[in-house]
**Q** 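After the structure tokens below, expect a handful of questions from me.
All of these numbers come straight from a predicted model, not from anything done at the bench.
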Amino acid sequence: MRRILSTCLFVGLCVASADAANEAGLLKIWNQHIATPQDHDAVINSCTSFMTDYPSDPLKPIAQDIEAWHKMQAGRDKEAWPILESHLNAPGDPVSDGARLIAKGWLSRLDREKAVAALLKYYRNEVQFPENLEAVFTHPKIPATLHPPRVDRFGKPWVYQLNGTQKIPGFLNQKYALSSSELGDFSDLKKALAAPYAAQIVVKPLQVLPPLGDVTPVKFSTPEKNVTVLLTPGKSGKDFYLAYAGAQIIVVCDHMHWKVFPKP
């Protein structure tokens with residue numbers, strides 16, 4: 001009986017160890033990623049090593065997304081998109097939900113590129129852009145294979161409007177604006193890729209409060225004077241989402257990037 005109990009205890013410790021988050025390992029990747037954002041191969045190798053050494057780590061999606069970003073920056077898009085797509089149907093935990101949010105953001109930007117191509121096809125036929133996006137789907141010379149998704153990855157219709165000059169007759173339909181209501185100014189793929197990593201995440205953890213049952217509240221500062229936000233993992237504030245609050249690190253994200261903070 002003692003041997004059985006010892007064996008069970010050993011197995012239990014192994015399972016707990018396998019499921020434990022390697023916060024120090026992720027923080028090391030993060031610091032390398034921020035210090036050398038242009039050294040794509042080195043950061044990709046670090047992410048790959050992390051995922052190989054800790055295949056069941058709950059922080060793995062964060063390393064995967066950092067890897068995907070560096071692959072996009074290095075022109076290895078065909079390797080990056082499957083990583084992001086794999087997060088669309090990931091298990092429902094706070095870190096996976098954050099990875100899904102990022103995946104929907106980047107894949108919406110990719111879908112927007114398809115809409116841009118369809119609009120260009122329309123322009124080549126009509127020498128003007130349409131009054132609404134629906135005209136792309138009904139145009140006889142634009143085959144169904146070129147039709148973009150009707151909604152972004154958040155399930156919302158694209159925001160489309162003509163925005164050429166009204167002062168000169170005939171020029172209003174020579175320019176357009178196309179965006180996702182969730183992504184706003186960073187709907188454009190090239191603009192999003194050019195943005196410094198995590199620069200749009202302007203909150204900062206101030207204090208980790210005592211746990212409330214199984215959740216850990218974290219207080220964040222905001223750009224607004226004397227305004228703080230209190231969140232638990234899996235909850236969103238304005239323009240950011242709290243994915244993880246651990247012993248050493250706090251991890252948040254938006255629709256584009258992750259940001260890892262040392263625990264305050």
Side-chain angles (χ1 to χ4, degrees), residues 13 15-37 39-40 42-70 83-84 87 90-103 105-106 195-223 228-264:
L13 288 172
V15 171
S17 177
D19 292 338
N22 181 6
E23 298 181 22
L26 182 68
L27 184 58
K28 183 178 180 180
I29 289 173
W30 174 259
N31 289 335
Q32 178 189 13
H33 161 61
I34 294 302
T36 59
D39 195 352
H40 305 307
V43 178
I44 289 169
N45 288 339
S46 294
C47 291
T48 300
S49 296
F50 180 91
M51 292 179 287
T52 300
D53 294 341
Y54 308 98
S56 300
D57 195 293
L59 301 177
K60 178 181 175 181
I62 302 169
Q64 287 179 306
D65 282 341
I66 292 173
E67 177 191 24
W69 183 84
H70 280 277
I83 296 172
L84 296 166
H87 292 161
D93 61 80
V95 172
S96 295
D97 289 345
R100 184 162 27 254
L101 187 68
I102 289 175
W106 285 108
Y197 199 93
Q200 303 304 310
I201 301 176
V202 293
V203 297
K204 183 179 180 181
L206 293 175
Q207 181 183 6
V208 177
L209 279 65
L212 297 174
D214 295 333
V215 297
T216 302
V218 182
K219 182 186 289 187
F220 291 87
S221 66
T222 72
T228 60
V229 175
L230 186 65
L231 294 178
T232 55
K235 301 299 181 181
S236 296
K238 183 181 179 181
D239 300 327
F240 80 103
Y241 168 86
L242 174 57
Y244 183 81
Q248 300 179 51
I249 59 175
I250 306 297
V251 186
V252 303
C253 71
D254 58 11
H255 297 109
M256 265 197 308
H257 304 136
W258 292 98
K259 192 162 188 176
V260 180
F261 299 93
K263 182 180 176 180

**Q** Any side chain to side chain donor-acceptor pair (under 3.5 Å) involving residues 196-223? Give me the pairs, sequence neighbours left out, ordered by first then second residue.
**A**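 Every pair satisfying side chain to side chain donor-acceptor pair (under 3.5 Å) with a residue in residues 196-223: there are none.
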**Q** Which value, rounded to the nearest 0.5 Å, describes the distance between Leu206 atom CG and Leu230 atom CG?
**A**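 The CG atom of Leu206 sits 10.5 Å away from the CG atom of Leu230.
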**Q** Indicate the atoms forming the closest heavy-atom contact of Pro217 with Pro210, along with that distance.
**A**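 It is CD-O, 3.4 Å.
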**Q** Is any side-chain heavy atom of Leu26 less than 4.5 Å from a side-chain heavy atom of Ile62?
**A**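 Side chain of Leu26 against side chain of Ile62, heavy atoms only: contact under 4.5 Å found.
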**Q** Donor-acceptor pairs under 3.5 angstrom involving side-chain atoms of residues 231-243: please list them, not counting sequence neighbours.
**A**
residue, atom, partner, partner atom, Å
Tyr241, OH, Pro94, O, 2.8

**Q** Do Gln64 and Cys47 have side-chain heavy atoms sitting under 4.5 Å apart?
**A**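 The answer is no, as the side chains (C-beta and beyond) never meet within the 4.5 Å cut-off.
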**Q** Determine which pairs satisfy salt bridge (charged side-chain N to carboxylate O under 4.0 Å, His left out) with at least one residue from residues 90-103, sequence neighbours left out, and list them in order.
**A**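 Output for this query lists Asp97-Arg100.
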**Q** For a quick test of reading the model, state the closest non-hydrogen atom pair linking Ala63 to Phe50 and the distance between them.
**A**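 Shortest heavy-atom separation between Ala63 and Phe50 comes out as CB-CD2, 3.8 Å.
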**Q** If I take atom CG from residue Asn22 and atom OG from residue Ser56, how far apart are they, to the nearest 0.5 angstrom?
**A**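 These two atoms lie 12.5 Å from each other.
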**Q** Side chains of Pro58 and Val95, heavy atoms from C-beta outward: is any pair under 4.5 Å?
**A**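 No, too far: nothing below the 4.5 Å cut-off.
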**Q** Which atom pairs, donor and acceptor, lie under 3.5 Å between side-chain atoms of residues 244-264 and protein residues at least two apart or in another chain?
**A**
residue, atom, partner, partner atom, Å
Tyr244, OH, Glu23, OE2, 2.6
Asp254, OD1, Met256, N, 2.8
Asp254, OD1, His257, N, 2.8
His255, NE2, Glu182, OE1, 3.4
His257, ND1, Ala198, N, 2.9
Trp258, NE1, Asp65, OD2, 2.9
Lys259, NZ, Ile201, O, 3.3

**Q** Could you check whether any side-chain N or O of Ser96 sits under 3.5 Å from a backbone N or O of Gly92, counting only pairs where one atom can act as donor and the other as acceptor?
**A**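 It does not hold such a pair.
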**Q** Does His33 have any side chain to side chain donor-acceptor pair (under 3.5 Å) partners at least two apart in sequence or in another chain, and if so, which?
**A**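 With sequence neighbours excluded, His33 shows a side chain to side chain donor-acceptor pair (under 3.5 Å) to His70, given in chain and number order.
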